[in-house]
There are 2 protein chains.
Amino acid sequence: MTKSLPIGELARKSEVNIETIRFYEKQGILPDPARTESGRRIYDQDDVKRLSFIHRCRGLGFSLKEIESLLSLVDDGDYTCKEVREITASHAQDVKQKISALRKMESVLDAMVERCGKGDVPECPIIEELFGS
Amino acid sequence: MTKSLPIGELARKSEVNIETIRFYEKQGILPDPARTESGRRIYDQDDVKRLSFIHRCRGLGFSLKEIESLLSLVDDGDYTCKEVREITASHAQDVKQKISALRKMESVLDAMVERCGKGDVPECPIIEELFGS
DNA sequence: CCTTGAATCTGTAGTTACTACAGGATACAC
DNA sequence: GTGTATCCTGTAGTAACTACAGATTCAAGG
């Protein structure tokens, strides 16, 4: 049996603040939770996972719509195999591009830290190095 | 000598739409451009690079404030070496975390595509696999 | 030249994804 | 049984766009 938790604890554990949780519920990205007698929301461990997932995805530049589309793969099997494959492949493509851009940025930033560490003053043509022609 | 371009061409080349360019200008993240006699904005190749950079950073989940902080490293050398190092290192840390999260997501998505490809129906505990305890 | 359509201008209003109250009810600790 | 911490609904504000409206300007064809 999983321990149930109030909204405040869910907020703390998932690092999403309370008003955002209620906002996600209104948007339908989080299911309507069970309530206590007095009307307070009750969550469980699965909600912590789902919400953490949403939170991280947002931090990675996915829109709520994209996240919904990812979550829909989990939520119900109302998709044909082909649809799942298409949706998933497209997200995977997107993720690969993000990774590649971040890798470039990482190497430039690391190089900058390195140079700064040596007391070198960088005039840093960072944009050039990252995304230059 | 660099070719100058109107806002429409800048928009096309940087994949940022026109109103967003003007919005960035108002926010001070893009410098006020030169103008023609009649008041039209004139840009050059550097603006294309800067704007593309901003665009990609946005897609990677950086806020405009964070992007400004990154760009400030390029814009002027009004920083001590220590400051540059600190700002840069903190961004680098951030980037590494994003990469690691995206790698996890990539491997799960790839695995899903693989399984779907074989006609297998996935009940996909994707959240679990990605960010499960 | 003159017109006509595409591109640009400023300014305002709408959208997405939060975030921050206000004002009130409930829980829980002493 | 009285604080005070947490929760409730609802509304308003913020960040980062996005989409017009209404006017001007440029550039190409007749």
Side-chain angles (χ1 to χ4, degrees), chain A residues 3-44 47-48 50-72 94 98 101, chain B residues 3-44 47-48 50-72 94 98 101:
Chain A
K3 218 188 86 191
S4 77
L5 33 149
I7 198 166
E9 221 168 313
L10 175 62
R12 198 179 46 70
K13 288 195 176 176
S14 60
E15 295 176 273
V16 171
N17 78 32
I18 292 180
E19 10 273 296
T20 306
I21 295 172
R22 290 195 280 248
F23 170 76
Y24 285 162
E25 181 184 325
K26 213 183 294 177
Q27 301 300 300
I29 202 158
L30 276 184
D32 288 13
R35 300 274 187 148
T36 64
E37 195 85 344
S38 65
R40 297 189 169 199
R41 291 167 178 84
I42 302 168
Y43 298 96
D44 63 19
D47 294 309
V48 177
R50 190 185 181 88
L51 199 48
S52 301
F53 176 77
I54 295 169
H55 182 57
R56 289 182 209 223
C57 284
R58 288 290 301 136
L60 295 168
F62 291 97
S63 69
L64 287 186
K65 261 196 179 159
E66 288 169 324
I67 296 167
E68 260 201 281
S69 151
L70 273 163
L71 288 173
S72 71
D94 201 16
K98 282 176 194 286
Chain B
K3 219 189 85 192
S4 77
L5 31 150
I7 198 167
E9 222 168 315
L10 175 62
R12 197 180 47 71
K13 288 193 178 178
S14 61
E15 295 176 274
V16 172
N17 78 33
I18 292 179
E19 11 274 294
T20 306
I21 295 172
R22 290 195 280 248
F23 169 75
Y24 284 162
E25 181 184 324
K26 213 183 291 176
Q27 301 300 300
I29 202 157
L30 276 183
D32 288 11
R35 299 275 187 148
T36 64
E37 196 83 345
S38 66
R40 297 188 168 200
R41 291 166 178 84
I42 303 167
Y43 298 96
D44 62 19
D47 294 308
V48 177
R50 189 186 182 88
L51 199 49
S52 300
F53 176 77
I54 295 169
H55 182 57
R56 290 183 208 221
C57 284
R58 288 290 299 137
L60 296 168
F62 291 97
S63 69
L64 287 186
K65 262 196 179 160
E66 288 169 325
I67 296 167
E68 260 201 281
S69 152
L70 273 162
L71 288 172
S72 71
D94 202 15
K98 283 177 195 285

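Just so it is clear: chains get the letters A, B, ... in the order the sequence lines come, proteins before strands, and each one is counted from 1.
Across all strands shown, B/R22 has heavy atoms under 4.0 Å from base atoms, whether or not it also approaches the sugar-phosphate. Backbone-only engagement by A/S63 is indicated by non-hydrogen atom pairs under 4.0 Å involving sugar-phosphate atoms exclusively.
In this structure, A/T36 does not reach the C/dT26 phosphate: none of its side-chain N or O atoms is under 4.0 Å from OP1 or OP2. For the pair B/T20 and D/dC17, the criterion of a side-chain N or O lying under 4.0 Å from OP1 or OP2 is not met. Not one side-chain nitrogen or oxygen of B/S38 sits closer than 4.0 Å to the OP1 or OP2 atom of C/dT8.
Regarding B/N17, its CG atom lies at a distance of 12 Å from the P atom of D/dC20, rounded to whole Å. Separating the CD1 atom of B/I21 from the P atom of D/dA16 is a distance of 17 Å, rounded to the nearest angstrom. Atom CZ in B/R12 sits roughly 14 Å away from atom C1' in C/dA7 (whole-Å rounding). Summarising the geometry, the separation between CG on B/D32 and P on C/dC9 is reported as 12 Å, rounded to the nearest angstrom. Summarising the geometry, the separation between CD on B/E15 and C1' on D/dT18 is reported as 17 Å, rounded to the nearest angstrom. Here the P atom of nucleotide C/dT8 and the CD atom of B/E37 are 18 Å apart, to the nearest Å. Between the P atom of C/dC18 and the CD1 atom of A/I18 lies a distance of 16 Å, rounded to the nearest Å. Protein atom NZ of A/K26 is 13 Å distant from nucleotide atom P of D/dC8, rounded to whole Å.
For A/I7, whose side chain is taken as the heavy atoms from C-beta onward, the closest listed nucleotide among C/dC18, D/dC8, C/dC21 is D/dC8. For A/R41, taking side-chain heavy atoms from C-beta onward, the closest of the listed nucleotides D/dC8, C/dC18, D/dA16 is D/dC8. In this structure, the nucleotide among D/dA16, C/dA27, D/dT11 sitting nearest to the side chain of B/R58 is D/dA16.
Counting atom types as modelled, B/R40 pairs a side-chain N or O with a base atom of C/dA7 as donor and acceptor under 3.5 Å. With hydrogens and angles ignored, a donor-acceptor pair closer than 3.5 Å exists between the side chain of B/E19 and the base of D/dC20.
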* Working for side-chain contact (heavy atoms from CB on, under 4.5 Å), residues A/Y24 and A/I67 -> CA-CA 12 Å; A/Y24 285 162; A/I67 296 167; over 6 Å; no
* To do: May I have the step-by-step check of side-chain contact (heavy atoms from CB on, under 4.5 Å) for A/R35 and A/R40, ending in yes or no?
  => CA-CA 5 Å; A/R35 300 274 187 148; A/R40 297 189 169 199; over 6 Å; no
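Ionic pairing of A/E66 and A/K98 is not present here: no N-O contact between side-chain nitrogen and carboxylate oxygen is shorter than 4.0 angstrom.
Within a 6.0 Å sphere centred on CD of A/E9, heavy atoms belonging to other residues, nucleotides or ligands number more than 12.
Residue order along DNA chain D, read from the 5' end via each residue's closest nucleotide, puts A/G39 first among B/F23 and A/G39.
Checking each of A/I42, A/D47, A/D44 against A/L10 for a side-chain contact (heavy atoms from CB on, under 4.5 Å) leaves exactly one that passes, namely A/D47.
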